[in-house]
Amino acid sequence: MQPKQNWRGDAYIKTKINPSHPIHISITAVAKDSNVVSYYVVVISDLTEQKRAENELRYLANYDPLTKLPNRTLMYQKISHAIKDADTRASLVALLFIDLDKFKPVNDSFGHAVGDQLLCDITHRMNSMLDNNAIVGRQSGDEFLLLIKNLDSPQSLSNLVRSLTAELAKRVVINDFAINISASIGVALYPFDADTTDELIRNADIAMMHAKQSGRNGFKFFTEQMNNQITQKLLLENALKDAYKDDLFFNNYQPIVNNKSKKIKGVELLMRWQHQAELISPAVFIPIAEETGLIDVLTEQALTRALEDLAPLFKANPRFYLSLNLSPVHILKSNLAERLLLILNQHHIKPVQLRLEITENTLLDDKNKAAKQLQALRSAGFKLLLDDFGTGYSSLTYLSQFPIDVIKIDQSFVRNIGRDSNNESIIRTIHTLAENLNLYCIAEGVETIEQIRFLNSIGCDDLQGYYFAKPTTAEILISDAYIQALQEKLQTT
Ligand code: C2E
Ligand code: CA
Ligand code: CA
């Protein structure tokens, strides 16, 4: 070293407290006169703290602090690495996208601490089933990725996915709470289903969404067809947003009649979407509207339209009602009652003239919140109707816990009248139990005179269906000719 020169560098040395102690060394050559080095100044600093901080930062950047699993960033690197490796060895890589079913309600009802423990418990259970070729990572909230390297056969993968699904559906007890949870799993394989890391993750995710759609607690392997469906759905989603802006929705109405009094009691609002030359079914666009968050405004827009369309009928008969379908996501929104009341007030219509049709999903998703919301709607004066009754899981006793006024017997039961005696017993039972619970019954999907006779014989006189009238536009509905034809039909039934 020349005088005034400086050398510095990091090193690890053995000390009493640490066999590999990180230090920083700085050496400066000092000269008394300008040519000859007289001595060196050596400064050694302890880097333990700095290294610890660096490691912590590296850890935080790569691992999830709660479950200690690799996070999304690190998983991405590991998947990319596994793909490269698979190319050299000509082997397969499988990626599982795992999403817990109904995790949010667990968080909401038992608290976040329990939710956190549940995630750790699930991590532990997954890890205990896996060997060295598998890596679990946390993608986000309740989503996990499972990477399986050096896969020898798709068959062994099937077995693993099956046992994983079964394991994750086991009940867990945390802080004395018994929690029922399950998972939906999507599987994609490299190189069959994807060329890149991004594509592999995306396709495993798509397969997972399909597993969710087919009733949760199950798994699906990715197929090219799923991809096409997703593309179709995205196109429809965009078209739906445009249609909302351009006001391309309109209402149809289907009368609900009483076969004893021969009166039209009300109408059900059924939304329609004119998309280019096609009429898209609400069974297709309502779920998309729910997902995209458009359902609230779409429903409120439809209600406003209905109150304008039907003003003469509301005026002529103060008991005439509009039955409005409400989607579960909409019901669980706060201040729904206020918003509906505001719209009704603007049109001088009383809440008793509005029936709200809800489905059993609403009651199942988050029981406490649903009960609260329904109570608020009931207190605001609305009548609540349970739609598609008999197709879901709720028993009538369970129903007594919710403020329901009317049930609508699903068309699948009505359709089988005269064909299946078991089915007739079910309808009879529903009707008797409904009476005991002080609930009123309506039958929907009524198409034949035989069905009407049977329904009347058990005391169900409020009917809706093609036999009396198909859903129709407001213009036709309020025309004298239409009302007259419907009255005649009723008189002769
Ligand atoms: P839903 O509420 O159960 O409505 C009854 C469906 O049965 C309607 O189909 C109606 O046209 C049809 N229908 C009525 N009578 C008969 C009959 O005698 N025979 C047969 N085969 N069918 C009959 P639509 O209009 O296609 O609606 C399908 C579903 O879309 C509705 O089922 C409802 O779940 C949903 N939907 C429609 N409009 C709205 C809406 O404004 N909001 C929400 N959230 N959902 C809606
Ligand atoms: Ca309905
Ligand atoms: Ca229905």
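Both counts, for ligands and for their atoms, begin at 1 and track the order of listing. Because the structure is predicted, anything quoted here is derived from the model rather than measured.
A heavy-atom cutoff of 4.0 Å around ligand 1 is satisfied by the protein residues Gln254, Glu268, Leu270, Met271, Arg272, Pro282, Ala283, Ile286, Asn325, Ser327, Asp387, Asp388, Gln411, Glu444, Gly445, Val446, Glu447, Gly465, Tyr466, Pro471.
A donor-acceptor pair shorter than 3.5 Å cannot be found between the side chains of Asp99 and Ser184. Side chains of Arg202 and Asn227: a donor on one and an acceptor on the other come within 3.5 Å. Defined by atom type and a distance below 3.5 Å, a donor-acceptor pair is present between the side-chain atoms of Glu357 and Ser323. For the residue pair Ser412 / Asp410, a side-chain donor-acceptor distance below 3.5 Å is found, with atom types taken as modelled. For the residue pair Thr391 and Asp388, no side-chain donor N or O sits within less than 3.5 Å of a side-chain acceptor on the partner.
The nearest N/O/S atom of Glu268 to the Ca ion (ligand 2) is OE2.
Figure legend: cation-pi geometry between Lys470 and Tyr466, with NZ or CZ positioned under 6.0 Å from the six-membered ring centre and within 45° of its axis. Taking the centre and axis of the six-membered ring of Tyr467, the NZ or CZ atom of Lys489 falls inside the cone set by 45° and 6.0 Å.
Tested against Gln464, the residues Lys408, Lys265, Gln411 include a single side-chain hydrogen bond (donor to acceptor under 3.5 Å, both in side chains) partner, Lys408.
The Ca ion (ligand 2) does not have Ser323 among its coordinating residues (no N/O/S atom, backbone or side chain, under 3.0 Å).
Take a cut-off of 3.0 Å around the Ca ion (ligand 3): the protein N, O or S atoms inside it are Asp387 OD1, Asp388 OD1, Glu444 OE1, Glu444 OE2.
In summary, Arg355 and Asp387 do not engage in a salt bridge, as defined by a charged side-chain N under 4.0 Å from a carboxylate O.
In this structure, the side chains of Glu300 and His330 come closer than 4.5 Å at one or more pairs of heavy atoms.
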